Protein chains: 2
Amino acid sequence: MTTELSPRAREIVAVARQLLEEKGPAGLSMRRLADRVGIRASSIYKHLPDKQALEHAIVSTVFEELADEFEAALEHADPVGTMVAIYRRYAKDHPHLYRLMTEQPLQRDLLVPGVEERASLPARLLVGDDPDAGRALWAFAHGMTILELNDRFPPSADIDAAWRAGFDAFRRYAENAQ
Amino acid sequence: MTTELSPRAREIVAVARQLLEEKGPAGLSMRRLADRVGIRASSIYKHLPDKQALEHAIVSTVFEELADEFEAALEHADPVGTMVAIYRRYAKDHPHLYRLMTEQPLQRDLLVPGVEERASLPARLLVGDDPDAGRALWAFAHGMTILELNDRFPPSADIDAAWRAGFDAFRRYAENAQ
DNA sequence: ATGGTAGGCTAACGGCGTTAGCTTGTCAAG
DNA sequence: CTTGACAAGCTAACGCCGTTAGCCTACCAT
């Protein structure tokens, strides 16, 4: 269902998002959420069909927020670099949101329509004439982000340097495209 | 605890792995696992301290398997390309295992010692003299893999081409390293 | 012969998502 | 002014989940 959320539903989603950011995925239960909202768990179902829909509603708010920031970055001198920096920083500031957004197959009919496309502006912009390289760059950025979030690099790793190396590789590739 | 698993524990882990591959993460519950093994859920705790340890034991078997394949690839003419192909294929053949292995912070003291290092052979080999580029390449490979697994590319995307683009970018980068 | 231990068991706890079915207040139509 | 629909709350319950406590029994070493 792609139908608009009621104002009350939006309130609940906002509380859910806050709860997730604070306590992580294990902390976001229907009962705890209801507690914070001041109702009983079963009443949530008057506003949202199930937990999956709730999570997708949260994801939609994240997409919107990211899209706003990306679009603002268009003004910058180096929009590509700026957007990558925004991406990286957003994940660091909101790790649980970032995981929620990326670590599951999206059920697109549960998202606010159009919001995924808006948030994918950088992927489309960065290497506009080469969508394959654009996707590869996105994969790199996501890989770096999630591997860092999940503590998969050895402690000795210079993560900034890895970002630079990858970004350089793609920049050069885009420059000498043939 | 890094202590060795008992033979019985290894049996249970093997069944658990099979269950996960078949039914996905939601299908891997202590009760279902016990059912398959022919005991009660609580008895599992005689062999493994908790579910986290069970999952890490599964991950260890995956690391071992991957490491074996990687090491065999050393014989090949193009070990780097071969290893990337192995990586990609493994994820496609065992999506639930791949997710389990990558989508959470690892608790390294729960792994069989040394197994993570063995499985990271490609990362170390590929760009041996430039660990930063090695990590970036790994991030790219993981990003491509997980984004594809999670259905995040539009249906129109040419995923093979994206792999090629990224791989080329890194290869050129490694060639013109300064 | 005996006592410890490995490896089963039952029962239970507190949590989870979700559903069925009841109640109440608001508000529009007759 | 009454009435009836409906939105939005409630309680109770179902069947899952991971995990723990405490019991039993068979084996094996002293």
Side-chain angles (χ1 to χ4, degrees), chain A residues 1 3-60 96 99-100 103-107 109-111, chain B residues 1 3-60 96 99-100 103-107 109-111:
Chain A
M1 263 210 280
T3 53
E4 294 284 305
L5 296 183
S6 72
R8 182 59 162 148
R10 258 190 292 271
E11 257 178 61
I12 293 174
V13 170
V15 175
R17 175 178 158 153
Q18 215 177 334
L19 190 55
L20 174 63
E21 292 206 64
E22 263 178 54
K23 312 276 187 194
L28 176 59
S29 78
M30 299 304 262
R31 283 171 170 88
R32 255 201 266 259
L33 169 57
D35 254 21
R36 282 231 178 158
V37 174
I39 60 179
R40 294 311 171 85
S42 61
S43 301
I44 295 177
Y45 293 83
K46 298 288 175 177
H47 305 281
L48 295 155
D50 54 23
K51 200 184 181 187
Q52 214 202 150
L54 171 70
E55 289 176 344
H56 278 73
I58 298 177
V59 168
S60 289
H96 298 305
R99 281 209 185 80
L100 182 69
E103 284 201 342
Q104 51 182 336
L106 275 189
Q107 200 143 341
D109 52 343
L110 295 180
L111 293 176
Chain B
M1 267 210 277
T3 53
E4 294 283 305
L5 296 183
S6 72
R8 183 57 162 151
R10 258 190 292 270
E11 258 177 61
I12 293 174
V13 170
V15 175
R17 174 177 159 156
Q18 216 178 331
L19 189 56
L20 174 64
E21 292 206 63
E22 264 178 54
K23 313 276 189 194
L28 177 59
S29 78
M30 299 304 261
R31 283 172 170 88
R32 255 200 265 261
L33 170 57
D35 254 21
R36 283 231 178 158
V37 173
I39 59 179
R40 294 311 172 87
S42 60
S43 302
I44 295 177
Y45 293 83
K46 298 289 176 173
H47 305 281
L48 294 156
D50 55 22
K51 200 184 182 188
Q52 215 202 148
L54 171 70
E55 290 175 344
H56 278 74
I58 298 176
V59 168
S60 289
H96 299 304
R99 280 208 185 81
L100 182 69
E103 284 201 344
Q104 51 183 334
L106 275 189
Q107 200 145 342
D109 53 341
L110 295 180
L111 293 176

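Note that the coordinates shown come from a computational prediction; the quantities given were computed from them, not determined experimentally. In what follows, chains are A, B, ... by sequence order, proteins preceding strands, each numbered from 1.
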Take the protein atom [atom1] of [X] and the nucleotide atom [atom2] of [N], then report the distance between them rounded to whole Å.
X       : N      : atom1 : atom2 : value
B:Leu54 : D:dT19 : CG    : C1'   : 14 Å
B:His47 : D:dT19 : NE2   : P     : 16 Å
A:Leu48 : D:dA7  : CG    : P     : 15 Å

Per the salt bridge (Lys or Arg N to Asp or Glu O under 4.0 Å) rule, what does the pair list look like for [range], sequence neighbours excluded?
range                     : result
residues 51-60 of chain A : none
residues 32-43 of chain A : A:Glu22-A:Arg36
residues 7-17 of chain B  : B:Arg8-B:Glu11, B:Arg17-B:Glu21, B:Arg17-B:Glu65

So, taking the atom named [atom1] in [X] and the one named [atom2] in [Y], what distance separates them when rounded to the nearest 0.5 Å?
X        : Y       : atom1 : atom2 : result
B:Ile58  : B:His96 : CD1   : NE2   : 12.0 Å
A:Leu28  : A:Gln18 : CG    : CD    : 12.0 Å
A:Leu100 : A:Leu20 : CG    : CG    : 6.0 Å
B:Ile12  : B:Lys46 : CD1   : NZ    : 12.0 Å

Note: chain B reaches DNA chain C at heavy-atom distances under 4.0 Å over the stretch, first to last nt, 5' to 3', of C:dG7 to C:dA12

Could you tell me, to 10°, how much the axis swings from one end of the helix from C:dA1-D:dT30 to C:dG30-D:dC1 to the other, five pairs per end?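 Computed from the C1' atoms at both ends, the axes differ by 10°.
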
Looking at every heavy atom in both A:Ala57 and A:Val13, which two are closest together, and how far apart are they? CB-CG2, 3.7 Å

For A:Ala41 and for B:Ile12, find the nucleotide of DNA chain C with the closest heavy atom, then tell me which residue's nucleotide is more 5'.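 Looking at the nearest nucleotide for each, B:Ile12 comes out on the 5' side.
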
Contact list for DNA chain C against residues 25-39 of chain B - heavy-atom distance below 4.0 Å: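 Within this stretch, B:Arg31, B:Ile39 sit under 4.0 Å of the strand.
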
Report all interatomic pairs (protein N or O, nucleotide N or O of nucleotides 22-26 of chain D) with separations under 3.5 Å.
none

Taking side chain to side chain contact (heavy atoms under 4.5 Å, CB included) as the test, write out the residues that go with B:His56, two or more places apart. B:Gln52, B:Leu106, B:Gln107, B:Leu110, B:Leu111

Just do the side-chain contact (heavy atoms from CB on, under 4.5 Å) check on A:Ile44 and A:Leu54 with the steps written out, would you? CA-CA 10 Å; A:Ile44 295 177; A:Leu54 171 70; 5.8 Å; no

